[in-house]
Structure formats: C-alpha cells, structure tokens
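Basis for what follows: all heavy atoms, side chains included, without hydrogens, waters or symmetry-related copies. Letters A, B, ... are given to chains in the order of the sequence lines, protein chains preceding strands, and every chain is numbered from 1.
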Amino acid sequence: MKILYFAWLREKAGTAAEEVEPPAGVRTVADLIAWLSARSPGHAAAFADLATVRCAVNQDFAGPETPIAPGDEVAFFPPVTGG
Amino acid sequence: MKILYFAWLREKAGTAAEEVEPPAGVRTVADLIAWLSARSPGHAAAFADLATVRCAVNQDFAGPETPIAPGDEVAFFPPVTGG
Amino acid sequence: MARIVVQEAPFDTAAEIARLTAGRTDIGGIGLFLGVVRDTAGGRPIVAMTLEHYPGMTERALGAIAAEAETRWPLLGCTVIHRVGRLMPGDPIVLVATASAHRQAALDACAFLIDWLKTKAPFWKREEFRDGSSAWVAARAEDDAAAARWLTPRRAAAE
Amino acid sequence: MARIVVQEAPFDTAAEIARLTAGRTDIGGIGLFLGVVRDTAGGRPIVAMTLEHYPGMTERALGAIAAEAETRWPLLGCTVIHRVGRLMPGDPIVLVATASAHRQAALDACAFLIDWLKTKAPFWKREEFRDGSSAWVAARAEDDAAAARWLTPRRAAAE
C-alpha cells in the first residue's frame, strides 16, 4: 500500500511517500491512521489533530470509514487551499 | 430645445435630431410627446406605442412627468439592448 | 476610477487586463466578462449586427453604472469597453473587467456591471439576416429580471 | 470537454480565450476569473507563495469539477489552468474561463468552478514572509460557505 503525505503532513511525517504493509486488521482509513501514528513521533504529530487532516483513497476524497485494501494509494493532507 | 431619436424611433420619425420650440404649455415629457406626435405622420408612428418608448432629458433617464425647459436635450429611444 | 471606453475598433483583452493590474500587487482576483456576437438570433442565422448608441449619454451611463459598482464592492479597478458600429458573428462586443483583493467581490461586481449595462446603457442592436432583411432587437424581460436582482444586494461585499 | 492544465509556467490569458472561441460563432458570452498572488496575507506582507499539489489527483479533481459544471450549465467551452511551484506577488495563479450561448450560464459556471476548485482540488499554499519565516495557509470557512451555496442550485441554467 502506498501512503502519500502533502503540505504540513509531509513535513511532520518526515516523508512524502512510503510503502507500507499494514496487518489484516487495518481495514479502514481510521484503522490506517491509528496504525501509521505508531510508526514514529513524526507520524504521531502529523495525525495529532484529525480535524485538520483530509484523506484520499486512490485519488478520491475519503472518510474515516472508507475501506482500504492492499495496492491502494492513500494520501493524507490538510484542507485544500488552492485557487 | 434639441430632440434626438434613436434606433427605430429615428427611422419612424425620419430624423435623428431636430431643434424645436414648443409652446409654453408643453411642460413635461408627456406634453412634449403629444406635441411632437402632431408634427408628422412619422412622428405619430414613432410615438404610437408608448410602452416601447423610453426618454432621457439632458442624458438622464426620464419619465412622462419629468419637467422640460428651453435649452434641454430630450432623447427618445426604444428599451436598450446593448451588452 | 473606472476606465470607460466606447469605440468601433476591436479591443485587446490581454492589454486591458495588464492595464488593470499594472504595477499593483494588492489584487487577488479579476472577474471578466466578454460578450460576443452570436450567429443566430431567435433561431434565425444572422450575418451581422449593428450597434447604435447615444454619444455622450452612453459614457455617462456607463460611468454611473461603474460608480455604483464601486460603492457596492471594494474594487481596485474596473474597465468597461463597449463597441459600436457593424460587427460580425464571433466579434467581441463588450468587455467588463473588475479587480479586487478577493474573488467574490470581483465576480459579483462583474456580473452586476453586465446586468446593469444591459438595461441602463443606451445601446441598440440591429440584426441583419441572410435574406437581406434586418430588425431591431427587442429588449428581453430576462435582462430586466437579471438587473432587478441587484436592487436588493444578496451577499455582503467582502469575502 | 474541458481543458484542464496544471503547470509551473505562466499561462497566456488571451491565447486561452482565443482557443476557447476558435472557429465558433455560437458563443455569446465568456466568463473569466483570474486569480493573482497578493502581497499580503492576514495583514502581513508576503514575498512569495509556493503551491504544492497532488499530481494525478489534481487533474482528476479539476476534471470532475468541470464535468459537474458542464452538467449544470449549457457550456460551449471550459478551461481551468492552475499553476504550481513558487510564485511572486502579482503573478497569475489560476485561470477559469467558460463559454456559453448566454452570459448568465457563463458567469454562473465561472463562479461555480472557482468556488468548487477552492474546496475540492488538492492544492496547498505556503506563504513566505519578509523575515524569512513561512507558513501553510489555513483553509477558510468562507471558501467552504461559498462552495456550499452551489449544493442547491439557485437559478435555472438557461437565460
């Protein structure tokens, strides 16, 4: 599974992209966040305030209950500020 | 007093501009229309349907009750269609 | 102070945008409307359109409309250019451009200007058809309705 | 079919308008919004702004936003260009242009596109201040409100 981080989530996590293999129990975006948060203090900091974290699964906006599967591209980022 | 006609009012009246000296009793735009209508069949045709006639006195939109005075520039035209 | 132009010649949209923004870095958004002569009118093909106007009053009316926009929105620039004379399908006929610190003011002011221009500026269009006949364009009730919605401002000016 | 571009280079507004209208005479109005980098953010002077995006998802999101506009309004053309990378105050950052037979559809679709783009396209801005510090721009509640007003269409699409 490919994990992408953008903007300040990238800075806090300390990486722009990583390949991970979460255990079978990690079935949703919320599960994945909990599992990723335990990887490093940086990851924990990136996910400390979930009110400011947005997610996309395979380039579609996703919510905490969105299911994830091996091979997915999951991205985490702050609320968008383009335009 | 200078009278201007635009668009189809110009075509019907047969003139784009004319200098007139209405009698003292002609005090408003409505008076002026009645007086001008008697000048020629073309003028009568121009003012036949007042629902489609608009007026400006000294380049400001005016209504039938707007007062007029010697020296004024009074224009008649259809509803505007620019843009 | 708005830039108001009535002319027969084509205008240069890029040059007008450049002029609106020249030397400034406080503009956050530009709203622009470009009106173009269409090739049909009420389903009938047209070959040309001639615009008549009331010299003097036209500039005065456009200036008043722009001044009204400037009282309603915090504009940093405003340009209204309207062509007159004989135009062909595809020819640009009117340009309205507004600049503001924020997009909503620029976009709302731009929509307001073209709506009011359509009902308050003394221009008249005559359409020429393929068979050689021509007819003055009648005013549209939709344009009156579009202009009337600005009589009660719907949204606050600032974003 | 909308034209969607994400690029570092500046864009040419006049060329984009020309491209939108090339060879057609059925367009009556073009609505355009041009976003520009401002020199201040929350009252603080900024010296530059860097735009990060999510390659792949960005084009996909912009395409979906444009497709939504095309279902809501009878558009004859639609262009969305967004720049990424490091920009200076005064630099154009985004162009939205819409073409339709009638002005209201073009203007409404243009406003819709920029409102939705601001809340649904994966771009993030980082502002650089004069003292060398920098900060990610926070999303604005006003942008969410502006986007939300399109969830219940207010006006009919056709004029």
Side-chain angles (χ1 to χ4, degrees), chain B residues 1-20 28-30 32-33 36-37 41-83, chain C residues 4 6 33-38 41-42 49-65 80-85 87 92-96 110-127 134-144 146-147:
Chain B
M1 185 180 294
K2 186 176 187 182
I3 312 294
L4 303 176
Y5 301 92
F6 293 97
W8 57 256
L9 273 98
R10 172 176 50 72
E11 294 174 341
K12 291 199 177 181
T15 182
E18 56 189 349
E19 281 289 338
V20 299
T28 66
V29 167
L32 182 62
I33 289 173
L36 288 169
S37 296
H43 285 77
F47 293 114
D49 178 9
L50 291 179
T52 60
V53 174
R54 298 292 179 271
C55 178
V57 174
N58 298 325
Q59 303 189 355
D60 280 324
F61 284 102
E65 302 309 317
T66 302
I68 53 167
D72 280 353
E73 176 177 297
V74 182
F76 295 101
F77 43 79
V80 303
T81 56
Chain C
I4 306 291
V6 179
F33 176 77
L34 197 61
V36 180
V37 178
R38 281 202 297 152
M49 173 180 279
T50 300
L51 269 125
E52 182 170 329
H53 76 123
Y54 182 171
M57 182 175 170
T58 311
E59 293 80 357
R60 188 182 161 106
L62 293 178
I65 293 165
V80 179
I81 303 181
H82 204 300
R83 292 176 71 188
V84 292
L87 302 173
I93 181 171
V94 61
L95 167 79
V96 173
C110 181
F112 167 85
L113 282 164
I114 187 66
D115 280 350
W116 270 36
L117 183 158
K118 287 239 175 202
T119 59
K120 295 178 195 294
F123 293 99
W124 302 277
K125 288 174 181 158
R126 187 179 182 92
E127 291 165 336
S134 69
W136 292 98
V137 175
R140 294 163 14 113
E142 294 92 334
D143 286 336
D144 287 336

statement: Closest heavy-atom pair, P55(C) versus F6(B), reported as atoms and distance to 0.1 Å, is CD-CE2, 4.4 Å
field: Minimal non-hydrogen separation, P92(C) against L87(C), with atom names
entry: O-CD1, 4.3 Å
field: R54(B), part contacting chain C, at a heavy-atom distance under 4.5 Å
entry: neither
field: Contact leader toward chain C among D60(B), L4(B), N58(B), where contacts are heavy-atom pairs under 4.5 Å
entry: D60(B)
- prompt: Given the options P78(B), A7(B), A75(B), which has more heavy-atom pairs under 4.5 Å with chain C than any of the others?
  reply: A7(B)
- request: Verify whether the ring centers belonging to H43(B) and Y5(B) lie closer than 6.0 Å.
  value: yes
- prompt: So F77(B) and F61(B), would you call those rings parallel, tilted or perpendicular, with 30° and 60° as cut-offs?
  reply: perpendicular
task: Select one option (side chain, backbone, both, neither) describing which atoms of A138(C) are under 4.5 Å from chain B's heavy atoms.
output: backbone
